[in-house]
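Nothing here was measured: the structure is a model prediction, and the numbers come from that model. We're numbering straight along the sequence, starting at 1.
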Amino acid sequence: MSTGGEASEVRLPLTPAVFHILLALADGERHGYSIMQEIAAQTEGKLRIGPTTLYRSIKRMLEDGLIEETEERPDPALDDERRRYYRLTALGLQVTQAEVQRLAQAVEVARKKPLLGDAAIKPMFGGA
């Protein structure tokens with residue numbers, strides 16, 4: 001018997017683009033340009049996803065059932081009718097949570113290694 005957790009874990013690891021798109025949608029539905037802006041903001045400009053990567057990823061995520069296009073639209077006077085809005089599905093939320101947990105475990109392992117800060121540099125390079 002399979003659980004939802006098992007189904008989400010087989011999709012891991014996620015690509016950085018897919019992971020950040022899912023994170024952008026974790027707060028609620030967004031259209032493509034808004035997703036790109038949110039990714040740039042949440043990474044302090046270190047990751048910028050272009051339209052080709054975004055829409056190729058969105059297409060795959062729709063096919064995989066991680067996100068869905070919403071039927072609800074803002075007031076047409078306040079929005080461009082060509083925009084498509086997306087939101088996480090229940091599976092998309094599970095996969096995002098599983099990836100966050102996987103990354104948190106990796107960071108915990110990395111913290112125990114001589115990789116960060118002055119204490120890490122000294123043993124690696126013979127400093128006193």
Side-chain angles (χ1 to χ4, degrees):
M1 184 162 125
S2 176
T3 66
E6 291 169 354
S8 60
E9 288 176 11
V10 298
R11 291 170 167 80
L12 303 182
L14 299 176
T15 66
V18 168
F19 180 60
H20 284 281
I21 292 167
L22 291 170
L23 287 178
L25 293 173
D27 296 326
E29 62 186 51
R30 293 180 179 273
H31 56 80
Y33 184 66
S34 175
I35 293 170
M36 289 190 298
Q37 289 178 313
E38 177 64 14
I39 291 169
Q42 71 192 14
T43 64
E44 298 176 348
K46 292 179 180 96
L47 178 63
R48 294 190 180 271
I49 293 180
T52 302
T53 299
L54 176 73
Y55 289 107
R56 189 175 294 145
S57 298
I58 284 175
K59 180 181 178 194
R60 187 171 47 245
M61 294 164 70
L62 286 165
E63 291 169 355
D64 290 345
L66 300 178
I67 63 172
E68 62 189 4
E69 191 172 331
T70 63
E71 298 289 329
E72 300 155 9
R73 304 295 310 233
D75 182 345
L78 303 174
D79 191 44
D80 185 334
E81 64 189 34
R82 296 170 292 177
R83 286 184 176 155
R84 303 288 178 251
Y85 286 78
Y86 306 96
R87 67 176 163 222
L88 288 179
T89 61
L91 176 61
L93 177 60
Q94 289 174 352
V95 169
T96 305
Q97 291 169 331
E99 181 71 342
V100 167
Q101 185 174 25
R102 185 189 73 80
L103 292 171
Q105 289 170 339
V107 168
E108 191 59 36
V109 169
R111 284 190 174 135
K112 295 175 184 174
K113 304 292 182 181
L115 300 171
L116 301 171
D118 290 339
I121 295 170
K122 291 176 185 175
M124 290 175 60
F125 298 104

Review point. Do Leu91 and Arg11 have side-chain heavy atoms sitting under 4.5 Å apart?
Key: yes
Practice item. Quick one: pull up CD1 in Ile49 and OH in Tyr55 and give me the separation to the nearest 0.5 Å. Key: 11.5 Å
Point to revise | Closest non-hydrogen atom pair, Ala110 against Leu115 | key: O-CD1, 4.0 Å
Review point. Does the pair Tyr33 and Leu54 meet the rule for a side-chain contact (heavy atoms from CB on, under 4.5 Å), with working shown?
Key: CA-CA 9 Å; Tyr33 184 66; Leu54 176 73; over 6 Å; no
Study note, to complete from the structure: Rounding to 0.5 Å, atoms NE2 (His31) and OG1 (Thr70) come to a distance of 11.0 Å
Check your understanding: Between Met61 and Leu22, does a side-chain contact (heavy atoms from CB on, under 4.5 Å) hold up when you go through it step by step?
Key -> CA-CA 9 Å; Met61 294 164 70; Leu22 291 170; 3.3 Å; yes
Exercise for review: Have a look at Leu25 and tell me which of His20, Glu38, Arg30 forms a side chain to side chain contact (heavy atoms under 4.5 Å, CB included) with it.
Suggested key: Arg30
Review point. With distance as the sole test, does Thr96 use its side chain to make a donor-acceptor pair with the main-chain N or O of Gly92 at under 3.5 Å?
Key: yes
Practice item. Tell me, yes or no, whether the heavy-atom count around Arg102 atom CZ, taken from other residues, nucleotides or ligands under 6.0 Å, exceeds 12. Key: yes
Practice item. For Gln101, look at atom CD and say whether over 12 heavy atoms of other residues, nucleotides or ligands are found less than 6.0 Å away. Key: no
Review point. Charged N to carboxylate O under 4.0 angstrom, Glu63 versus Arg60?
Key: no
Review point. Going through the distances and angles, do Arg87 and Glu68 end up as a side-chain contact (heavy atoms from CB on, under 4.5 Å)?
Key: CA-CA 6 Å; Arg87 67 176 163 222; Glu68 62 189 4; 2.8 Å; yes
Practice item. Kindly compute the distance separating CG (Leu93) from CG (Leu66), expressed to the nearest 0.5 Å. Key: 11.0 Å
Check your understanding: Would a distance-only check, ignoring hydrogens and angles, find a side-chain to backbone donor-acceptor pair under 3.5 Å from Thr89 to Gly65?
Key -> yes
Point to revise | Nearest heavy-atom neighbours spanning Glu69 and Leu62 | key: N-CD2, 3.8 Å
Review point. Under the 3.5 angstrom rule, does the side chain of Glu99 hit a backbone N or O of Leu14 as a donor-acceptor pair?
Key: yes
Check your understanding: How long is the gap from CG on Leu47 to CD1 on Ile39, to the nearest 0.5 Å?
Key -> 6.5 Å
Review point. Taking C-beta and beyond as the side chain, do Pro51 and Met36 meet within less than 4.5 Å on heavy atoms?
Key: yes
Check your understanding: Of the options Ile35, Thr15, Leu88, which is the one that meets Ile21 in a side chain to side chain contact (heavy atoms under 4.5 Å, CB included)?
Key -> Ile35
